[in-house]
Amino acid sequence: MLQHLADGLLTGAIIALGAIGLSLTMRILRFANFSHSELLTFGAYCAFLFLGFFAAMDGALQASIGPFSFSVALILATVVAGGLTAVLAIVLDRIVFSRLRRRAGAMTMVFASFGVALLVRNVVLLGFGPDPLYYSNELQIAVRLPLGVRVMPDQMFVLGLTVVLVVLLHLFLTRSLAGVAMRAVAENPDLARVSGVDVAAVVRWTWILGGVGAAIAGVLYGMTVQLRPELGFSLILPLFAAAILGGTGSMYGAVIGGLLVGLSENLSALIIPSGYKPAVPFLLILLILYLRPQGLLGGNR
Amino acid sequence: MIGIASYLVFFLILALIFGVAVLGLNLQWGFTGLFNAGVVGFMAVGAYTTAVLIGPERAAVLGGFGLPFGVGLLCGMVGSGLAALIVGIVTLRLREEYLAVATFGIAISVQLVALNAAFLTGGTLGLIGLPKPLAGLFDRPLTYNIFYLCLVAAIAGLAYLALERIVRSPWGRTLKAIREDETAAASLGKNPVRIRLEAFVLGSMIMGLSGGLYVGFIGYVSPFDFQPILTFQIWTMLILGGSANNRGALLGAVIVWGIWTGSGYAIAQVVPPVYQAQSGALQVILIGLLLVGTLLLRPRGLIGEEEHVSRHARL
């Protein structure tokens with residue numbers, strides 16, 4: 001039971017990181033972006049590519065840090081991957097979404113996001129093949145916590161990093177001009193526009209935050225589970241469940257939603273056969289839409 | 001020559017079976033503006049319901065009803081309709097994006113049930129050895145396939161004619177009114193939520209019919225017949241052919257299925273079998289480009305919606 005709780009919290013932290021970006025895009029760009037989870041796949045594989053590059057550049061970068069399985073090379077690779085994923089998100093917006101935003105409805109954009117998801121996923125599959133990949137082949141020794149709970153050092157790192165990133169994002173959204181502009185557009189796009197907010201810049205910032213968050217979540221997922229081309233696809237429902245559960249547009253909602261999704265996925269193993277685990281986020285979505293459609297922290301719209 | 005002819009028959013049967021599903025999606029998306037991201041789930045519900053009802057007796061799996069194929073098809077449609085009703089009631093009164101997420105979820109869940117509920121679906125093995133309707137009357141596979149092609153064509157034609165009538169009926173005009181301006185329609189005393197639900201259920205029933213036809217032709221059903229990619233293919237068929245045009249839906253089905261099988265054949269000639277996964281990816285990329293490209297460059301598709309003006313209007 002406690003082990004399930006601990007595992008759920010850790011999965012939840014990764015889902016939360018991915019869901020923050022999805023929640024922001026859903027609120028600011030006003031469409032359900034089914035290709036968001038493919039940004040996780042893209043980021044994770046980018047990091048894999050640059051991990052090899054940095055490791056080849058300087059062998060000393062390859063050594064694992066302390067009790068963790070990852071190296072300085074992976075951290076550097078993640079930074080690069082975050083940047084490239086943000087660039088991909090902006091490029092996709094330029095080529096596809098911004099054009100449709102101007103002349104078609106929100107649902108046409110959802111349509112297109114499915115097509116984009118398909119393209120990204122299969123380009124990754126084409127480049128890296130269908131077999132699972134790992135950042136590191138080192139075995140990790142689980143740390144024993146009180147009450148018989150075992151966790152990997154990597155998993156503790158994931159949890160800590162999520163907390164740090166959420167605090168940083170909070171500071172960005174409340175203290176920086178760009179962050180305040182983002183919240184203004186989320187609240188009321190027309191009012192923000194007439195008040196002189198540069199909406200195009202806000203859209204760019206949204207994709208940057210979403211892309212970087214997705215890349216980090218993708219790398220963390222790859223680190224604690226494995227890299228597969230279907231990584232993002234399998235996370236579509238958990239991410240949407242987290243965003244909808246928390247109330248779209250609410251960053252803290254997405255974090256709480258992510259943790260709840262992770263917990264219920266893992267705790268579900270106690271009552272239903274594990275084969276049905278991937279359906280848990282879907283049941284959560286139906287439940288929250290039925291009981292409280294605006295989400296836990298979402299205001300009335 | 002016989003080889004080409006029999007392949008053509010085989011190709012057309014599948015294209016028309018998918019065409020029926022595209023007609024169902026067209027009622028939902030084309031005419032009503034409802035986004036269904038789980039087409040494959042509703043097809044699978046129809047397929048499995050049909051398969052269980054017409055299947056022979058078997059150990060450890062529910063079955064042995066041995067009902068006629070026609071009854072199986074009808075029950076499959078009812079099954080898909082019920083699934084649509086459950087999802088629709090929860091989501092149709094909410095923002096339309098939530099319908100996309102929920103239908104996507106139901107497709108995933110249906111696949112999980114197909115994989116795990118072995119007593120009903122036969123699990124990963126699926127249900128095999130299903131009787132082909134009226135197979136006893138034909139001695140050669142080709143003549144049987146020609147018969148099945150006529151059957152599918154007749155059903156697709158019937159569905160086409162029925163839908164053409166429906167969308168031109170007062171109810172069909174209400175669908176378009178709701179799609180264009182929900183508030184205006186509501187102010188005229190129409191109930192958008194109820195009419196949307198009706199269109200959603202009817203469209204999903206047609207998808208269930210398509211799933212049942214598929215089972216009748218292939219003779220077995222497994223979870224791997226209803227992968228998410230099939231949903232993308234069916235959308236691409238609709239978008240390319242022309243949304244809100246039933247002829248476009250059928251045309252798109254034949255063209256996209258032709259591109260899919262043709263590209264699969266061409267890639268298999270060039271790429272060695274070791275890279276099977278990669279060549280599959282190439283095929284999907286082609287479909288994705290087709291979908292996004294059509295949305296960007298020719299949003300109305302090959303033959304788009306016809307403009308209807310009331311015969312009472314004076315220009």
Side-chain angles (χ1 to χ4, degrees), chain A residues 26 30-34 95-96 99-100 103-131 229 233-234 236-237 240-241 243-244 248 272-287 289-290 293-294 301, chain B residues 29 33-35 37 86-87 89-91 93-102 104-113 115-118 123 179 228-229 231-232 235-236 238-239 243 274-297 299:
Chain A
M26 272 177 94
R30 276 152 218 279
F31 77 109
N33 183 5
F34 276 81
I95 301 177
V96 182
R99 291 193 193 187
L100 293 175
R103 51 156 213 245
M107 293 319 285
T108 307
M109 288 174 67
V110 179
F111 241 118
S113 79
F114 264 102
V116 167
L118 212 59
L119 288 174
V120 175
R121 178 158 70 249
N122 283 281
V123 168
V124 168
L125 175 59
L126 197 63
F128 292 88
D131 301 320
F233 184 78
S234 62
I236 290 179
L237 276 182
F240 271 115
I244 295 175
T248 50
I272 57 171
S274 63
Y276 291 106
K277 190 170 139 183
V280 171
F282 171 59
L283 296 177
L284 281 177
I285 291 174
L286 286 189
L287 198 69
L289 287 183
Y290 196 72
Q294 71 271 41
R301 305 187 60 190
Chain B
W29 168 252
L34 296 172
F35 192 87
I86 297 170
V87 187
I89 285 176
V90 180
T91 48
R93 56 197 176 92
L94 302 167
R95 282 173 38 187
E96 43 191 1
E97 293 163 8
Y98 290 155
L99 184 68
V101 180
F104 181 80
I106 201 164
I108 301 280
S109 309
V110 167
Q111 210 188 19
L112 289 176
V113 171
L115 279 170
N116 292 304
R179 183 191 67 186
I229 177 67
T231 299
F232 295 110
W235 282 348
T236 312
L238 179 62
I239 297 293
S243 193
V274 198
Y275 295 109
Q276 205 185 0
Q278 278 85 344
S279 46
L282 273 179
Q283 257 182 305
V284 180
I285 289 172
L286 200 63
I287 293 288
L289 283 176
L290 214 54
L291 177 64
V292 178
T294 311
L295 285 174
L296 286 175
L297 304 175

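Below, chain A is the first sequence line, B the second, and so on; all start at residue 1. Scope of the values below: all heavy atoms of this structure, side chains included, with no hydrogens, waters or symmetry mates.
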Run the side chain to side chain contact (heavy atoms under 4.5 Å, CB included) test on B/Val113 and A/Tyr276 for me, step by step, so that the C-alpha distance in whole Å, both residues' side-chain angles and the decisive distance to 0.1 Å come before the verdict. CA-CA 8 Å; B/Val113 171; A/Tyr276 291 106; 4.0 Å; yes

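- Closest approach of A/Arg30 to B/Glu97, counting heavy atoms only: O-OE2, 3.5 Å.
- For A/Phe111, the parts lying under 4.5 angstrom from a heavy atom of chain B are both the backbone and the side chain.
- For B/Ile106, the parts lying near chain A are the backbone and the side chain together; criterion is any non-hydrogen pair under 4.5 Å.
- Ranked by heavy-atom pairs shorter than 4.5 Å toward chain B, the options A/Pro278, A/Ala112, A/Gly127 are led by A/Pro278.
- With a 4.5 Å cut-off on non-hydrogen atoms, B/Leu289 touches chain A through its backbone and its side chain both.
- In this structure, no portion of A/Leu283 lies under 4.5 Å from any heavy atom of chain B.
- Using a 4.5 Å heavy-atom cutoff, the side chains of A/Thr108 and B/Pro299 are not in contact.
- Top candidate by heavy-atom pairs under 4.5 Å with chain B, chosen from A/Pro229, A/Ala279, A/Pro281, A/Ser113, is A/Ala279.
- The distance between the ring centers of A/Phe31 and B/Phe35 does not fall below 6.0 angstrom.
- For B/Leu291, the part lying under 4.5 angstrom from a heavy atom of chain A is the side chain only.
- Here the CG atom belonging to B/Leu295 is positioned 12.5 Å from the CZ atom belonging to A/Arg99, to the nearest 0.5 angstrom.
- For the set A/Leu126, A/Leu100, A/Leu125, the entry with the most heavy-atom pairs within less than 4.5 Å of chain B is A/Leu126.
- With a threshold of 4.5 angstrom between heavy atoms, A/Ile285 approaches chain B through side-chain atoms but not through N, CA, C or O.
- For B/Ile108, the part sitting under 4.5 Å from any heavy atom of chain A is the side chain, from C-beta outward, and nothing else.
- For the pair A/Phe34 and B/Val101, the minimum side-chain heavy-atom distance is below 4.5 Å.
- Within the 4.5 angstrom heavy-atom criterion, no atom of A/Pro273 approaches chain B.
- If you run side chain to side chain contact (heavy atoms under 4.5 Å, CB included) between A/Asn122 and each of B/Leu286, B/Ile287, B/Ile285, only B/Ile285 comes through.
- Interface remark: A/Val123 contributes backbone and side-chain atoms alike to the contact with chain B (heavy atom separation under 4.5 Å).
- Taking A/Phe282 as the reference, nothing meets the ring pair (Phe, Tyr, Trp, His ring centres under 6.0 Å) condition, with sequence neighbours excluded.
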In a table with atom names and distances, give each donor-acceptor pair under 3.5 Å that connects a side chain of residues 276-284 of chain B to protein atoms at least two apart or in another chain.
from, atom 1, to, atom 2, distance (Å)
B/Ser279, OG, B/Tyr275, O, 3.2
B/Ser279, OG, B/Gln276, O, 2.9
B/Gln283, NE2, B/Trp260, O, 2.8

Does A/Phe240 form a side chain to side chain contact (heavy atoms under 4.5 Å, CB included) with B/Tyr98? I'd like the steps, not just the answer. CA-CA 9 Å; A/Phe240 271 115; B/Tyr98 290 155; over 6 Å; no

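- Looking at B/Thr91, the atoms closer than 4.5 Å to chain A (heavy atoms on both sides) all sit in the side chain, from C-beta outward.
- Contacts with chain B were tallied for A/Val124, A/Val116, A/Val96, A/Ile95; A/Val96 has the most, counting heavy-atom pairs under 4.5 Å.
- B/Ala100 approaches A/Val110 most closely through the heavy-atom pair CB-CG1, 4.2 Å.
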